[in-house]
Amino acid sequence: MGNVVWMDGSLVPQEQAKVSVFDHAVLYGDGVFEGLRQYSGKVFRQREHLQRLFDSAKAIKLQIPYTPEQLAQAIEQTLAANKLQNSYIRLVVTRGVGTLEVGPTTCTRAGVFIITDKIQMYAPEMYATGMAIITASVVRTAPAALSPKIKSLNYLNNILAKLEAIDAGVGEAVMLNHLGYVCECTGDNIFIVRHGELLTPPEESGLLLGITRQVVLELAAKLAIPNRQANLMRTDLYTADECFLTGTGAEIIPVNAIDRRTIGDGTVGPITKQLMDAFHQCVNGR
Ligand SMILES: Cc1ncc(COP(=O)(O)O)c(C=O)c1O
């Protein structure tokens with residue numbers, strides 16, 4: 001049997017893992033999700049991911065018909081069935097099947113599915129030499145319109161920016177917020193280093209509070225690397241000594257150019273390297 005997907009309580013072959021065209025996730029992008037990572041058989045920061053999932057669901061008045069403990073068991077079951085030790089886990093909660101009405105009142109039960117698979121986000125050489133990114137022309141959704149803290153199935157804002165990255169032939173795009181400050185990338189948070197200090201945009205810039213971002217801030221504190229959350233302008237990116245992105249899939253990926261401008265000397269900087277080493281130790285040893 002190929003890969004199996006956990007769907008509403010059962011494991012089904014991936015070819016049979018299908019969502020109804022009447023599910024409001026399909027009709028309106030109405031739902032939430034999480035991306036988690038398994039290292040050496042253990043799910044990394046599972047509690048934080050499940051907490052964010054339940055917070056996202058609560059923010060859109062979506063009742064998840066399982067407890068976090070039940071979802072943790074479902075993840076274990078799916079990983080075991082697929083015989084995975086190091087993998088990516090996608091946990092999705094859909095609003096469920098309803099009428100064509102935009103209001104979700106006819107959707108009586110949320111749908112939940114879990115996909116587990118091997119992952120390779122970026123080419124290994126990029127971790128050694130760095131990746132080029134651009135700043136996107138599309139701005140991040142304003143928090144007052146739809147908070148990026150909600151990890152929802154509405155990713156069009158991110159997809160529009162990612163299309164710009166693809167068109168430019170680079171791996172990621174950083175979005176500015178509605179005020180012109182640096183916010184985050186399409187699927188990653190951003191950090192820079194300047195004069196030995198680690199800087200990342202604050203929560204108020206309207207970003208997804210990345211769990212990898214949090215781990216990096218914790219590691220920086222442990223390693224006594226001066227760090228601060230601060231509003232950054234595009235110029236701050238261009239004049240940074242080092243830059244890297246963080247995400248569950250990407251882990252820590254160094255950036256060597258932004259909008260074709262070389263960052264630092266164009267190689268992976270010492271603080272980035274130090275944090276990458278510490279991160280790998282952390283995910284493997286915890
Ligand atoms: C828009 C966005 N920002 C940041 C991140 C990074 O968050 P995390 O480190 O929790 O994966 C993600 C990925 O989940 C994302 O989709």
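A donor-acceptor contact closer than 3.5 angstrom is absent between the side chains of Glu251 and Thr246. Judged by distance alone, the side chains of Gln214 and Glu218 do bring a donor and an acceptor atom under 3.5 Å apart.
With sequence neighbours left out, Lys151 forms a side chain to side chain donor-acceptor pair (under 3.5 Å) with Tyr155. Asp167 meets the side chain to side chain donor-acceptor pair (under 3.5 Å) test with no other residue; sequence neighbours excluded. Gln51 meets the side chain to side chain donor-acceptor pair (under 3.5 Å) test with Asp55; sequence neighbours excluded. Scanning for ring pair (Phe, Tyr, Trp, His ring centres under 6.0 Å) contacts around His49 gives an empty result, with sequence neighbours left out. Residues passing the ring pair (Phe, Tyr, Trp, His ring centres under 6.0 Å) test with Tyr127, sequence neighbours excluded: none. Qualifying side chain to side chain donor-acceptor pair (under 3.5 Å) partners for Thr186, counting only residues two or more places apart in sequence or in other chains: Glu172. Every residue meeting the ring pair (Phe, Tyr, Trp, His ring centres under 6.0 Å) condition with Tyr66, not counting sequence neighbours, appears here in chain and number order: Trp6. Residues satisfying the salt bridge (Lys or Arg N to Asp or Glu O under 4.0 Å) test with Glu197, not counting sequence neighbours, are Arg228. Scanning for salt bridge (Lys or Arg N to Asp or Glu O under 4.0 Å) contacts around Arg194 gives an empty result, with sequence neighbours left out. Under the rule for a ring pair (Phe, Tyr, Trp, His ring centres under 6.0 Å), Phe279 has no partner lying at least two apart in sequence or in another chain.
Side chain of Gln38 to backbone of Asn86: a donor-acceptor contact under 3.5 angstrom is found. Checking side-chain atoms of Ser147 against main-chain N and O of Pro143 turns up no donor-acceptor pair under 3.5 Å. Between the side chain of Thr106 and the backbone N or O of Thr99 there is at least one donor-acceptor pair closer than 3.5 Å. The main-chain N or O of His195 is found under 3.5 Å from a side-chain atom of Asp241 such that the two form a donor-acceptor pair. The backbone N or O of Glu125 sits less than 3.5 Å from a side-chain atom of Thr129, completing a donor-acceptor pair. Using modelled atom types, no side-chain atom of Asn82 and backbone atom of Leu84 make a donor-acceptor pair closer than 3.5 Å. Side-chain atoms of Asn177 never come within 3.5 Å of backbone atoms of Ala142 as a donor-acceptor pair (strictly under, hydrogens ignored). Counting only distance, with no hydrogens or angles, the side chain of Lys162 and the backbone of Cys185 share no donor-acceptor pair below 3.5 Å.
Each of Val255, Leu245, Thr248, Ile133 was checked for a side-chain contact (heavy atoms from CB on, under 4.5 Å) with Asp188, and the lone residue meeting it is Leu245.
With a 6.0 Å cutoff to the six-membered ring centre and a 45° limit on the axis angle, Arg261 counts as a cation-pi contact of Tyr238.
The minimum heavy-atom distance linking Ala173 with Ala161 is given by the pair CB-O, 3.4 Å. Contact detail for Glu34 and Leu53: the closest heavy-atom pair is CG-CB, 3.7 Å.
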* To do: Let me see the working for Leu232 and Ile192 under side-chain contact (heavy atoms from CB on, under 4.5 Å), right down to the final yes or no.
  => CA-CA 9 Å; Leu232 303 172; Ile192 60 167; 4.0 Å; yes

Expected list for residues 198-211: side-chain donor-acceptor pairs under 3.5 angstrom, two or more places apart:
unit_1, atom_1, unit_2, atom_2, d
Thr200, OG1, Ile190, O, 2.6
Glu203, OE2, Lys149, NZ, 2.7
Ser205, OG, Pro202, O, 2.7

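By the 6.0 Å contact criterion, CD on Gln70 is enclosed, its count of non-hydrogen atoms from other residues, nucleotides or ligands being greater than 12.
The list of side chain to side chain donor-acceptor pair (under 3.5 Å) pairs with a residue in residues 22-31, not counting sequence neighbours, reads Asp23-Thr94, Asp30-Arg95.
The structure places OH of Tyr88 at 9.5 Å from CZ of Arg37, a figure rounded to the nearest 0.5 Å. The CD atom of Glu242 lies 9.0 Å from the CG atom of Asp265; values are rounded to the nearest 0.5 Å.
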